[in-house]
Amino acid sequence: MSQLLLGGGGQGPEPSYLQGLNPPQRKAVEAIEGPLLILAGAGSGKTRVLTRRIAHMLDRGIPPWRILAVTFTNKAAGEMKERVAALVGPERAKKLTVSTFHSACVRILRQDIKALGYSNQFVIYDDDDQLRLLKAISKEQNLDPKRFPPRGLRGIIDRAKNKLQGPQDVAAENDRRIVAVFEAYEERLKEANAVDFNDIINKVVDLYEGFPAILEKWQGRYQYLLIDEYQDTNAAQYKLVNLLAARHRNLAVVGDDDQSIYSFRGADITNILSFERDFPDAVVVMLEQNYRSTSRILQAAMAVVKRNPGRKDKELWTDATEGKPLELIVGRDEDDEASKVAERIRVGLRQGRQAADFAVIYRTNARSRVFEQAFRRAGIPHVLVGTRRFYERREVKDILAYLKLALNPSDEMGFLRVVNVPRRGIGPKTIELVRELARAQGSSMVEAARTKSLGSGKVNGSLGGFVRLIDQLADALDRSLPGELVELAAKESGYLELLEAEDTDEARGRIENIQALAADAASQEFSLDEGLDGSDRRVVMQAFLDRATLSGQADELPDEGGRVTLMTAHLAKGLEYPVVFVAGLVEGSFPLTRDPSEQAIEEERRLTYVAFTRAQEELVLTRAMMRMQYGQGMMRCTPSRFLDEVPRELIRGYERSAPKVRPPSVSSQESRDRMKAFLDRHRVEKKPKVEAAAGPRVTRTPSSPDDFKVGVRVLHPELGDGVIRNVSGSRSEPRLTIEFGGMRRKTLFARYASLEIIES
DNA sequence: TTCTCTGGTTACTGC
DNA sequence: AACCAGAGAA
């Protein structure tokens, strides 16, 4: 059957997967042996080439398990698997390894990390665990958190590790106290049988460099490597790839230097720029024909990215029509910008578009809120990709910490996280005692907590209860499935009970999240990766926990059901939509200019390029004239420099608009007044100004949460008159954002604020 | 010794 | 939203 479909060789008809390819695409598909560099511009049919290349390899008799395809996100991995399955059938596709660097490396480590002195049950510390550990270490070493902020320390450590460096390598350019923290950090990870995200890659490199037999084993296993998004690999990943590929040299890398957008994570664009030097015999293929976007969209994207020096000068071109002009939407503020986008979408819907045809792309997740609100108001179905990721919610992490601790009792951060959650009367003093004991006897904290002679009888009882809970979970690990284990942990720990008793909207939301986690865990059993022994319950659980730690969000592909997609530019890479809105094109937001270096701006430019090239037919650029900055008040925005870099004749109406108005310089008094008048005008329109009450005022004490509504005037004992601008939190415990004179805002709990309501 | 409340601060991008 | 420090209550 597949023989018929795929054609075999010789005189038969050409296999279907070779049909409909342009010459460079075909060259890339057919170059199976040896090093291969594919420079694939946006929309040049990269995924199509990769999936067909894999089909071709399988057809040539290469066993699927010899192929390792590395993608940058779980989402991309899932998509590639699906598309290969469509070409070669699910049976063979299942035996391929398609995953992210991190997932692939975790699997390698779970098998071989023993050689480095860790147990196979090692835990993975995410950035949050990392930060907690660094805070603990800083405290022990009496570092002033002002002078050495933990986040800064983490940054230094991450940057070093991205380059495969350890404490000694950074000793020269750093304070010795920082180096000491780094050293302690590494020790503590090892003691806790834990690795951080960087280690996931680095430990595999250590393994390969230190144990030739292990390297050979994996070289033998994966004889054909395919690395997608090569421009976003860091030094450690680069080293890893080169080690693995050294023997068979069947290394295909795919990338686009114009789409390198992860330097904050150590991505090194020179990895792809120097591939030809690393492999002088490499076949190089340039995919420059874009099949995705209209000519105008492409021109706009190219015009922006071309400002970057030092790029491989490839010229994307298209056969497509000019298409419609780009559109520019300017809102008074961000709310208005979002409303106008919603309005524009409604127009599109009336003209026959589906909601799923639209995507809104912004720079930071924080921007998603205004769009969500606007779309809800306008009744536009939408789906958010990414945001506060599910597995990062506190309750989810707490429950997972219980289970990780049951699997790996050495996990110190896990112990600290849940030993007193829910409250068991185990405070810092007791924890300190347990830690000292653990140190003294060289055991885990869980072990130390078993000791009966710590503190008072009450404390011992609580600790004993906690230890019994962990034992109970550990015991259940061998008998129960992930879904059951999540439920067990939530129930037996008292976590659920606590939330139920709380009876607030927030608590109910958390319960829902735990239920969702249980459901998600239950599905793990059915989606085991190849090569895992499903009969070993611990392995199943471990696989689930790994996935939870490594994947931002369950890899839900946005459903076909017809919803507008909202996401960041980073998450948008690799996706395409008929109509794309690139939102928030103002200085400080897109580009983000916290780091004003030329390099950073170049990356922002590439990010803009990525965002623009998601659009197939229509591209709408949007910005606001003003925006709230950190709740500090309205600030006038400067249009994004990238807007200026788009040739204006590509934009509808732009060429006819008045000469460009630059924001008034703050130094001039006149323009300051003008700006003030401008701000006032708009403020009045949207939000009535707080007026000083004339004469004696009538106030009353609020009697129910319903008294607090947006727009209500209140009197604060210290801050005076204010107007409620936002009500958040739960009904029983509302949190109010109140605007006092001018633009000063404050957020506080209504319960404690002794507010009076001013009767009008 | 632990818990609870309060106010302040701080937030980019993601495996 | 989440985390922290500090004060005061239990």
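A note on names: the letters A, B, ... follow the listed sequences, proteins ahead of strands, and every chain is numbered from 1. Quantities reported herein were computed from a predicted structural model and do not represent experimental measurements.
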- Message: Just to verify, what does Glu229(A) make a salt bridge (Lys or Arg N to Asp or Glu O under 4.0 Å) with, not counting sequence neighbours?
- Response: Lys46(A), Lys573(A)
- Item | Pairwise salt bridge (charged side-chain N to carboxylate O under 4.0 Å, His left out) hits with a residue in residues 416-428 of chain A, at least two apart | Asp128(A)-Arg417(A), Asp398(A)-Arg417(A)
- Message: For dC15(B), is there a stacking contact with Phe197(A), counting only centres under 5.5 Å and planes under 30°?
- Response: no
Does a side-chain N or O from [X] land closer than 4.0 Å to OP1 or OP2 of [N], or not?
X	N	answer
Arg424(A)	dT2(B)	no
Thr430(A)	dT2(B)	yes
Arg510(A)	dA2(C)	yes
Asn365(A)	dG14(B)	yes
Thr568(A)	dG14(B)	yes

Atom-pair distance ([atom1] on [X]; [atom2] on [N]), nearest Å:
X	N	atom1	atom2	answer
Asp127(A)	dC3(C)	CG	C1'	15 Å
Asn162(A)	dG14(B)	CG	P	16 Å
Arg367(A)	dA11(B)	CZ	P	15 Å
Asp398(A)	dC3(C)	CG	C1'	14 Å
Ile361(A)	dT13(B)	CD1	C1'	14 Å
Asp199(A)	dC15(B)	CG	P	18 Å
Leu498(A)	dC3(B)	CG	C1'	13 Å
Asn420(A)	dT4(B)	CG	P	10 Å

- Going by the angle between their ring planes, with limits at 30° and 60°, are His570(A) and Phe264(A) parallel, tilted or perpendicular? perpendicular
- Query: So does Arg423(A) reach the base of dT2(B) with its side chain, donor to acceptor, closer than 3.5 Å?
  - Reply: no
- Message: Under 4.0 Å, counting only non-hydrogen atoms across every strand here, what does Phe101(A) touch: a base, just sugar-phosphate, or nothing?
- Response: nothing
Go through [options] for me and flag the one nearest to the [X] side chain.
X	options	answer
Leu592(A)	dC12(B), dG14(B), dT1(B)	dC12(B)
Arg394(A)	dT13(B), dC3(C), dC15(B)	dC3(C)
His102(A)	dT1(B), dC15(B), dG14(B)	dC15(B)
Tyr262(A)	dG14(B), dT4(B), dT1(B)	dG14(B)
Lys135(A)	dC3(B), dT2(B), dC3(C)	dC3(C)

- Item | First encountered from the 5' end of DNA chain B, between Ile431(A) and Glu603(A) | Ile431(A)
- Item | Residue closer to the 5' end of DNA chain B, Ile426(A) versus Leu607(A) (nearest nucleotide) | Ile426(A)
- With a 4.5 Å limit on heavy-atom distance, are the side chains of Tyr185(A) and Gln130(A) in contact? yes
- Would you verify whether the NZ or CZ of Arg606(A) falls within 45 degrees of the ring axis of Tyr609(A) while also being under 6.0 Å from that six-membered ring's centre? no
- Query: Where do Ala569(A) and Ala611(A) come nearest, in terms of heavy atoms and distance?
  - Reply: CB-CB, 4.5 Å
